[in-house]
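Here the structure is laid out as structure tokens; the discussion comes afterwards.
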Amino acid sequence: MPNAMAENPLDGGFAASVRRRSSFAVRFWACWGLAVVCLGPLCGCAPEDGDVVRASEVSRYLGDAAFRRQALEASLVNPQNTYARLRLESYTEDGWGRLPLWNPRSTPVLELNAEPPSPEALGPGMALLPDDAGPQALLALGEQAFFRYPMQPGDYWRGALEGVQSAQRYGLWSDESWGVGGLMWVALPDGSVETAATCATCHAAPVDGQVVAGLGNPLLDVGALTAHWYGQLDSPSRAWGPGRLDVTGDGVENPVTIADLRGSRSQQHLHRTATLHNDLVALAIRIETLLITSHGQALRPPRQVAMGLALYLYQGMEPEPVRAPDELSRQGRLIFERLCVGCHSGPGGAGPAVPVEAVGGDAAVALSPARATGYWRVPSLRGVAQRGRLFADGQTEGLSALFEARGDGEQAHPFGLELDNGERLALIAYLETF
Ligand code: HEC
Ligand code: HEC
């Protein structure tokens, strides 16, 4: 059961290639095209019920400010936390809607220890589409943006580019076509050129020598990197450890595992703390507002990029199970149905959020003034066998450690502990089929 903890392809040179899963998306949108012409099973490619609705959601998100506002309000689980309050205050046409667009010239970082290129040497920004572009074209734009849209400029990324050792120490992956760690050189408004992260810097990781898009990077150590770069040796961020980040700015030290975005479609909520109800439009707004806050609320992304990314997460990166169902996994399934399905009840093993007390876990994350709702979301288990780090605190390294106590003697997940070894192996085999 290889998972993303195992390796860093920088060890073996710059050789990994990205495993891309667009076949599902192509099939899906081919059916969507047909659905417009003839809505029915006679077409030989029966559309899912939601497909046509989804296409109209895409165009309303792009063109209808009142629709976006309504979708934002409907997505917030707890309107009192600071995440919700900031958005309720600012996500209006007169607020963040007036910010200038951010689509700068940029080019991928292809080498370690290189000087910044001159602004003229950078490539163009994202190639935006005509207003009537369909969801299929937006999804393709989103896939590009995932690896190429410079979402978070910061000089500290250079600290990870000083040489092979630094790249390994701070957990950058490398790939022939996508470059080093998904990092970009980007032109800033003041005319300088700086490094910037893309979604793929955090949300992609190598498994078996191939970079898997969507998987949280369990080796990326942004806390140690920023402490090193700014010479802050007593910074609390040094304790975050790899694969975790404090994303909230709520004044509390509460780093959280970098999310696995594959199977986003099966998540019933977004964020560990179930901050948002999840659907395609809520996801696009979540991404749009993330990009605004990560630029200090001074710039906003083209909405096509936000929706393209949402479509890519929703439709374009479903993982393939690492195991086909067999006798052992069928035994495990029975155990899962007895002990786990009460919470992991929906498609992909996700389920409705549960009160924090029902599960326990990292209290600092659960109680974050920025994001808390009083609930943990019950996460999708799609692709769980490849995840390097599990649970909000990321202290459990892969499924094989699921039933082991952590350093503090507590169990990460207080379920299935009474099972004997054989039953545990069967249960893990079943989880490998998700
Ligand atoms: C610097 C690292 C970093 C970068 C870059 C980053 N993210 Fe994340 N992302 C995180 C972390 C950490 C979480 C977990 C937050 C939580 O669970 O509360 C997260 C969570 C998410 C979630 C919620 C997923 C879920 O299941 O709850 C989405 C969606 C997401 N990111 C999309 C993106 C997109 C799209 C981009 C690029 C535009 C991006 N992220 C860039 C670190 C990052
Ligand atoms: C009372 C509800 C509940 C029950 C019962 C339950 N879970 Fe969970 N499970 C959760 C919640 C909530 C989380 C997320 C906790 C967190 O984010 O730290 C979770 C997380 C997980 C994860 C980690 C996923 C990840 O990426 O972090 C795995 C694996 C898992 N559960 C498997 C199981 C198995 C196997 C069983 C049965 C033996 C089970 N769960 C029973 C609620 C439950």
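Ligands are counted one by one from 1 in listed order, and the atoms in each one are counted from 1 as well.
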I want to confirm something. Looking only at heavy atoms, which of [options] is nearest to [atom]?
{"atom": "atom 5 (C) of ligand 2", "options": "Phe403, Tyr430, Phe434, Phe415", "result": "Phe415"}
{"atom": "atom 8 (Fe) of ligand 2", "options": "Arg377, His413, Gln395", "result": "His413"}
{"atom": "atom 27 (O) of ligand 1", "options": "Arg244, His271, Met151", "result": "His271"}
{"atom": "atom 14 (C) of ligand 1", "options": "Asp246, Leu291, Leu276, Thr257", "result": "Thr257"}

Does the distance from a Lys or Arg side-chain N to an Asp or Glu carboxylate O, for [X] and [Y], drop under 4.0 Å?
{"X": "Glu318", "Y": "Arg382", "result": "yes"}
{"X": "Arg158", "Y": "Glu194", "result": "yes"}
{"X": "Glu89", "Y": "Arg85", "result": "no"}
{"X": "Glu397", "Y": "Arg389", "result": "yes"}

Would the number of heavy atoms belonging to other residues, nucleotides or ligands and lying under 6.0 Å from CZ of Arg333 be above 12?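 Open: at most 12 neighbouring heavy atoms sit under 6.0 Å from CZ of Arg333.
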
Find all atoms of ligand 1 within a distance of less than 4.0 Å from any non-hydrogen atom belonging to [X], and give their numbers and elements.
{"X": "Thr198", "value": "5 (C)"}
{"X": "Arg371", "value": "15 (C), 16 (C), 18 (O)"}
{"X": "Val247", "value": "12 (C)"}
{"X": "Ile258", "value": "11 (C), 12 (C)"}

N/O to N/O below 3.5 Å, does that happen between Arg272 and ligand 2?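 Between Arg272 and ligand 2 (N or O atoms, distance only) the closest approach is under 3.5 Å.
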
Is there a polar contact between ligand 2 and Arg387, counting only N or O atoms under 3.5 Å apart?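 Yes, there is a polar N/O contact under 3.5 Å.
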
For the residue pair Tyr312 and Phe146, categorise the inter-ring angle as parallel (less than 30°), tilted (30 to 60°) or perpendicular (more than 60°).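 Ring orientation of Tyr312 relative to Phe146: perpendicular.
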
Do the side-chain N and O atoms of [X] and [Y] include a donor-acceptor pair separated by under 3.5 angstrom?
{"X": "Asp326", "Y": "Tyr430", "result": "no"}
{"X": "Thr248", "Y": "Asn254", "result": "yes"}
{"X": "Arg238", "Y": "Gln232", "result": "no"}
{"X": "Tyr61", "Y": "Glu288", "result": "yes"}

In ligand 2, which numbered atoms sit nearer than 4.0 Å to a non-hydrogen atom of [X]?
{"X": "Leu339", "answer": "5 (C), 37 (C)"}
{"X": "Trp376", "answer": "12 (C)"}
{"X": "Val359", "answer": "12 (C), 42 (C)"}
{"X": "Val354", "answer": "12 (C)"}

Heavy atoms only, cut-off 4.0 Å: how does His203 contact ligand 1, side chain, backbone, both, or neither?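 Looking at His203 and ligand 1, just side chain atoms fall under 4.0 Å.
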
Structural part of Gln267 in contact with ligand 1, heavy atom criterion under 4.0 angstrom: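 Contact part for Gln267 vs ligand 1: side chain (C-beta onward).
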
Return a yes/no value for Trp157: is any of its N or O atoms, backbone included, closer than 3.5 angstrom to an N or O of ligand 1?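 Between Trp157 and ligand 1, no N or O pair is found under 3.5 Å apart.
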
Do ligand 1 and Gln152 have nitrogen or oxygen atoms that lie under 3.5 Å from each other?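 Min N/O separation from ligand 1 is not below 3.5 Å for Gln152.
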
Are the side chain of Ser329 and the backbone N or O of Gly332 linked by a donor-acceptor pair below 3.5 Å?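 Not at all, since once roles are kept as given, no pair shorter than 3.5 Å links the two residues.
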
Would the distance check show the side chain of Asn78 and the main-chain N or O of Ala372 forming a donor-acceptor pair, the cut-off being under 3.5 Å?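 Indeed, once roles are kept as given, a pair shorter than 3.5 Å links the two residues.
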
Return the closest protein heavy atom for [atom] as residue, atom name and distance.
{"atom": "atom 30 (C) of ligand 1", "result": "Arg286 NH1, 3.3 Å"}
{"atom": "atom 36 (C) of ligand 1", "result": "Cys199 SG, 2.8 Å"}
{"atom": "atom 15 (C) of ligand 2", "result": "Phe391 CD2, 3.9 Å"}
{"atom": "atom 4 (C) of ligand 2", "result": "Cys343 SG, 3.4 Å"}
{"atom": "atom 18 (O) of ligand 2", "result": "Ala392 N, 2.9 Å"}
{"atom": "atom 28 (C) of ligand 2", "result": "Leu381 CD2, 3.9 Å"}
{"atom": "atom 37 (C) of ligand 2", "result": "Cys340 SG, 1.9 Å"}
{"atom": "atom 13 (C) of ligand 2", "result": "Pro379 CD, 3.3 Å"}

Can you confirm whether [X] sits close enough to [Y] that some side-chain heavy atom of one is under 4.5 Å from a side-chain heavy atom of the other?
{"X": "Trp185", "Y": "Pro153", "result": "no"}
{"X": "Arg244", "Y": "Gln395", "result": "yes"}
{"X": "Thr289", "Y": "Tyr91", "result": "yes"}
{"X": "Gln267", "Y": "Arg377", "result": "yes"}

Proximity flag [X] to ligand 1, non-hydrogen atoms under 4.0 Å:
{"X": "Leu270", "value": "yes"}
{"X": "His269", "value": "no"}
{"X": "Asp260", "value": "no"}
{"X": "Leu283", "value": "yes"}

Taking the six-membered ring for Trp and the single ring otherwise, decide whether the centroids of His228 and Tyr170 are under 6.0 Å apart.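 Here the rings of Tyr170 and His228 have centres that are less than 6.0 Å from each other.
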
Arg338 to Phe336 six-membered ring, cation-pi geometry met (6.0 Å, 45°):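 The answer is no; the distance or angle limit is not met.
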
Residue portion contacting ligand 2 (non-hydrogen atoms closer than 4.0 Å) for Leu390: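 Looking at Leu390 and ligand 2, atoms from backbone and side chain both fall under 4.0 Å.
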
Counting backbone and side-chain atoms alike, does Cys202 have an N/O/S atom under 2.8 Å from atom 8 (Fe) of ligand 1?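 No, outside the cut-off.
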
